[in-house]
Amino acid sequence: MKFLSLVLSNLMRKKLRTILTMLSIGIAFVLYSFLGAVKQALVGGVALAGKDRIVVRHKVSIIQNIPIAYEERIRRISGVAELVHFSWFNGIYQDPKNFFPSYPTDPEACLSIYPEILISPEVRQAWLSTRTGAIVGRATADRFGWKVGQRIPLNSPIWPRADNAVWEFDLVGIYDGKKGFDTSGFYFRYDYFDEARRWGQGSIGWYVVRVSDATKTAGIAKAIDEEFANSAAETKAEPEGVFMQSFAQQVGDIGTILLGILSAVFFTILLVAGNTMAQGVRERTAELGVLKALGFGDGLVLGVVLAESMSIALIGGLLGLLLGAGLVTGMAPAMAAMLPNFYLPTGNLVVGAVLTLLLGFVAGILPAMQAGRLRIAEALRRSA
Amino acid sequence: MSSNGEVLVRIKEVDKVFRRGSEDINVLTGLNLEVAKGEFLALMGPSGSGKSTLLNLIGGLDRASRGVVEIGGERVDQMSDRDLAGWRARHIGFVFQFYNLLPVLNAERNVELPLLLTHLAKAERHKHVDTALNVVGLAHRTKAYPRTLSGGEQQRVGIARAIVTDPTILLCDEPTGDLDRKSGDEILSLLQALNRDQGKTIIMVTHDPHASHRASRTVYLNKGQLFAEAPE
């Protein structure tokens, strides 16, 4: 600790250079925070996926429907505890840009399989007893300013009504989600949907099956697919996490893309910070020689220079992380429609903090070693 | 002079060879020197005669190519780099021609630097710093940064830094070389007082005969050899 003030004083030697270096590091970490939130939004569902849930869809593609009659046959397969179905409704509110995820489903089964959806018993009861009833997540309700009791008109380019009228739903409740659960969804009753749609009666988009033993999901998924093998609508059953991952990867391998961008940014910052530190050491060779003459050992001089590098990276990086987290939080409501899970996970912050130190270490280690190895007599000659 | 005859510095048959490209340059050749405890020795000689090199060998800043460098009974030439650093911190106080203060630290924090290597608590360190700055007559400028101090004042801070750990020996490399006559005289008086009143052993490299007159003994270095009298 007694050397800390020496380290901090050295940081103030060239204030502008130190501040600019901190800023460049800070901006890299703002980008890190932002891209971390984007990744969370795109693939975060994988981590939240229920380990005891299987998604069953058409073998060809998720946009191909499968019969609702499969429900009973799936239910009879050993290890299946319960199941629910969803369809992709593609609801639009007033304007095509007002798109959000919307699904017809079986309310009771949906709430049973997804305890992450948090609603009061009164809302649950209202949804079960109202044929045109719907619940909506907090993010979408806030986005459009919807209130419980409001009648919501929606259009669906996929599922027009048989009478060509606009779909209308009675909003019976607004749900919150357990940490990380998407609250942009709009859920309404399948019986109302199936009866009023122009075509496709008796079909659904996909099933979500909860199994009684999470260690047997692979075997149960295989049994489901075997049940419908060689039928008109063969299925592909897979754990919910795998399903979400493949869904997210439709836009590419998000993790690899983001890692590539961040690697390029951090490599550039590493060069900037490393060059700054090297320049700093070159400029004060004589001073470092004096410290060694006074009795500072090679290791201590190395430590002081390395601590300077790590302090610059830590201060700049933490400021960047804080700013990035603030930006992400501020932008989350505006991003809710496209990226409902747009937030910076705590784990990313911890990794970011470790990264700041690592960046400081890597940027500073070579100049620090150079400082540690200085020959005193030669270094002192630089002051003459 | 307050020398009591006990030998503090013993240099025996020391060679120092620098290699420049493929050429070996003999800076010191078979050099012998003894300095008594409490002595104030002036080391004179023309530029390039090896004065600073000899001072660096005594202070453990450089290593002899051959021979014995013994300070206070310890073989400095046989110490590891790590041990040498610790030994310097305990036994040597350096005073440089260009003061070599850290510009980012004020006077008291410059003086405190060597104490950071000790186990002293902050309050004790401050006490030592205050005492050292008092001795050099700069108790009123403790918070001043080097850029706001005159050359003489900066050298006083440099001397305070050199004596704050109460080292065995003070090594001064042209301490008045960058000062005007008046400031230089003040610094020499201060060194004399440290030698006389506190018994500090001082070895001072200088070009200036006026400065060497303040020392208790003067030796001359020329072409790598020591002489008791100035060579013709």
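None of the values given here were measured: they were computed from a predicted structure. All heavy atoms count here, side chains included; hydrogens, waters and symmetry mates do not. Letters go in sequence order (proteins before strands), and every chain restarts at 1.
Atom CG of B:L113 and atom CG of A:L6 lie 6.0 Å apart (nearest 0.5 Å). Atom CG of B:L115 and atom NZ of A:K2 lie 9.0 Å apart (nearest 0.5 Å).
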(message) Set out, in order, the CA-CA distance, both residues' side-chain angles and the distance that settles side chain to side chain contact (heavy atoms under 4.5 Å, CB included) for A:I376 and B:R88, then state yes or no.
(response) CA-CA 12 Å; A:I376 305 174; B:R88 277 197 304 273; 3.3 Å; yes
(request) Could you give me the CA-CA distance, side-chain angles and deciding distance for B:L117 and A:L300, then say whether side chain to side chain contact (heavy atoms under 4.5 Å, CB included) is met? (result) CA-CA 10 Å; B:L117 302 170; A:L300 187 52; 3.4 Å; yes
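Counting heavy-atom pairs closer than 4.5 Å to chain B, the top-ranked of the candidates A:G299, A:G289, A:A293, A:G297 is A:A293.
Heavy-atom contacts from other residues, nucleotides or ligands closer than 6.0 Å to CZ of B:R19 number more than 12. Around NE2 of B:H91, the count of heavy atoms belonging to other residues, nucleotides or ligands within 6.0 Å exceeds 12.
The shortest heavy-atom contact between B:P103 and A:R13 is CG-NH1, 3.9 Å.
Interface residue B:L116: backbone and side-chain heavy atoms are both found under 4.5 Å from chain A. Interface residue A:R375: only side-chain heavy atoms are found under 4.5 Å from chain B.
Applying the side chain to side chain donor-acceptor pair (under 3.5 Å) test to residues at least two apart or on different chains, the pairs with a partner in residues 106-115 of chain B are A:S5-B:R109, A:S9-B:R109, B:E108-B:K143, B:E112-B:R125. Residue pairs meeting the side chain to side chain donor-acceptor pair (under 3.5 Å) criterion with at least one member in residues 345-366 of chain A, sequence neighbours excluded, do not occur.
Scanning residues 45-78 of chain B against chain A with a 4.5 Å heavy-atom cutoff picks out B:N56, B:L61, B:D62, ordered by number. Within residues 152-180 of chain B, the residues that have a heavy atom under 4.5 Å from a heavy atom of chain A are B:R161, listed by number.
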